[in-house]
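Step one of this worksheet: look at the structure below.
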Amino acid sequence: MAANNRRMSGKKGAQVGSGGKRRRGLEGKGPTPPAEMRKGHAKQRAANAKTRSAAGRPQQRRGGGRSTSELVVGRNSVYEALRDGVPASTLYVQQFIDNDERVREALQLAAERGGINLMEAPRPELDRMTNGLNHQGLVLQVPPYEYAHPEDLVAAAHDEGADPLIVALDGVTDPRNLGAVVRSVSAFGGHGVVVPERRAAGMTAGAWKTSAGTAARTPVARATNLTRALESYQKAGITVVGLAADGEAELGDLDVLDGPLVVVVGSEGKGLSRLVGETCDVRVRIPMPGGAESLNAGVATGIVLYEAARRRS
C-alpha cells in the first residue's frame with residue numbers, strides 16, 4: 001500500500017493554465033462584415049440616413065375599401081366599355097341572339113383582351129340580372145374597384161422623390177367629372193385623387209371611360225371623412241388649397257404651387273362645403289375674363305394642375 005502511495009505521489013498535480021484564452025486569441029474573428037455594418041464607414045452613414053428618412057415617411061396603408069360590382073347593359077354601351085379599356089370580368093350573351101355587327105365586335109374585343117369570361121344566358125336570366133333594363137342581349141360585369149388609402153398617395157410621391165401633388169373632390173357626384181379629373185392628374189404628373197366615401201362619385205364604368213385609360217395608372221383613394229383626411233395631409237406638411245369663386249387669392253399669385261400640395265375642388269353648383277372650405281390653408285380663384293360664373297371640376301382641375309406643373313418644371 002505504501003508503494004502505491006509513493007507511485008501516486010509521484011504524479012504531477014494540477015497546473016495553472018490560461019483557461020483556453022491563448023488558443024482563442026489566436027483564432028480569427030470571422031468574415032469581415034459588409035460596409036453598411038462597419039461603424040464609421042461612409043456606407044453605414046448613408047444607410048442610417050436612408051433609414052431616418054424612411055422613418056419620417058407615412059407607411060403605405062392599403063384599405064380604402066372596394067366598390068360593388070357594376071353591370072354595363074346594351075350593345076353600344078358594352079362595346080364602348082370594352083373598347084375604352086373598362087375593366088371587365090364577365091360578358092353575358094343572350095342565347096339565340098341576333099348576331100349583328102355590334103355583337104360580333106363586342107365578342108371580338110372581349111376575346112382580344114383576354115381574361116374576360118364569356119357566358120351564354122337565357123333572356124329571362126339577363127332580365128333578372130338587369131332589373132328589366134333594355135340590355136339588347138349583352139351585359140358586361142365590371143369588377144369592384146380597389147380604392148387606395150389617402151396616405152398611399154403621399155407614400156407614392158415620396159417613393160418617387162417628389163413633392164406630393166394630389167386632388168381632392170368635395171361633393172362631385174358626376175362620375176364623368178371624376179374621370180376627367182383622373183385624366184388631368186395623370187397628364188400633369190399628379191399622384192392621385194381623393195374622394196369621400198359618401199355622397200360622391202366613385203370609379204364606375206362611366207368614370208373609367210372618361211379617364212381614357214388613365215385610371216389604370218392613377219390611383220383613386222377613398223376617405224371616410226374628407227375633412228379629417230385633409231387635416232392629416234396638413235400635419236404631414238402639405239398645403240391644402242381650395243378652389244372657390246370668391247377665394248381670397250388669385251391662382252397666378254399663389255406661391256405654394258411648386259411644393260407639397262393638395263388641390264380641393266368642389267361641385268359646380270355648390271362649390272366647397274363649409275367645413276372643407278374652413279379647413280383649407282388658402283382658397284384660390286381662377287380669373288375668368290370671359291365672365292363665366294364657374295367651371296366644371298374637370299376643367300378647373302386641369303387649369304390648376306397645369307400651373308402647378310409649370311412651376312415645378
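Remember, predicted model here, so these are calculated numbers, not experimental data.
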### Query
Can you tell me how far the CZ atom of R123 sits from the CD atom of Q136, to the nearest 0.5 Å?
9.5 Å
### Query
For E248, does the CD atom have more than 12 heavy-atom neighbours from other residues, nucleotides or ligands under 6.0 Å away?
yes
## Note on the structure
Interatomic distance, OH@Y79 vs CD@E101, rounded to 0.5 Å, equals 8.5 Å
#### Entry: Passing candidate, side chain to side chain contact (heavy atoms under 4.5 Å, CB included) with I238, options V262, L165, L230
V262
### Query
Looking only at atom types and distance, does a side-chain atom of E70 sit under 3.5 Å from a main-chain N or O of A205, one as donor and one as acceptor?
yes
### Message
Can you confirm whether P196 sits close enough to R222 that some side-chain heavy atom of one is under 4.5 Å from a side-chain heavy atom of the other?
### Response
no
### Query
Any salt bridge between D100 and R75, counting N to O under 4.0 Å?
yes
### Message
Nearest 0.5 Å, please: how far is CE in M119 from CD in Q141?
### Response
10.0 Å
### Query
Minimum heavy-atom separation for D84 to K209, with atom names?
OD2-CE, 3.6 Å
### Message
Assigning hydrophobic clusters by single linkage (Ile, Leu, Val, Met, Phe, Trp, Tyr; side-chain heavy-atom cutoff under 4.5 Å), is L138 placed with L133?
### Response
no
#### Entry: D246 atom CG: more than 12 heavy-atom contacts under 6.0 Å
yes
#### Entry: Given D163, V241, V167, L305, the one that forms side chain to side chain contact (heavy atoms under 4.5 Å, CB included) with L261
V241
### Query
Is a donor on one side and an acceptor on the other found under 3.5 Å between the side chain of T279 and the backbone of L275?
yes
### Query
Going by heavy atoms in the side chains, are L109 and R83 under 4.5 Å from each other?
yes
#### Entry: Salt-bridge contact R228-E231 (side-chain N to carboxylate O under 4.0 Å)
no
### Query
Is the side chain of N177 donor-acceptor paired with the backbone N or O of D174 at a distance under 3.5 Å, no angle test?
no
### Query
How about T239 and D281: does a side-chain donor come under 3.5 Å of a side-chain acceptor?
no
### Task
May I ask you to decide whether E105 forms a salt bridge with R102, counting only side-chain N to carboxylate O separations under 4.0 Å?
yes
### Task
Answer whether the closest heavy-atom distance between the side chains of L82 and I116 falls below 4.5 Å.
yes
### Message
Any heavy-atom pair between the side chains of V142 and L71 that's under 4.5 Å?
### Response
no
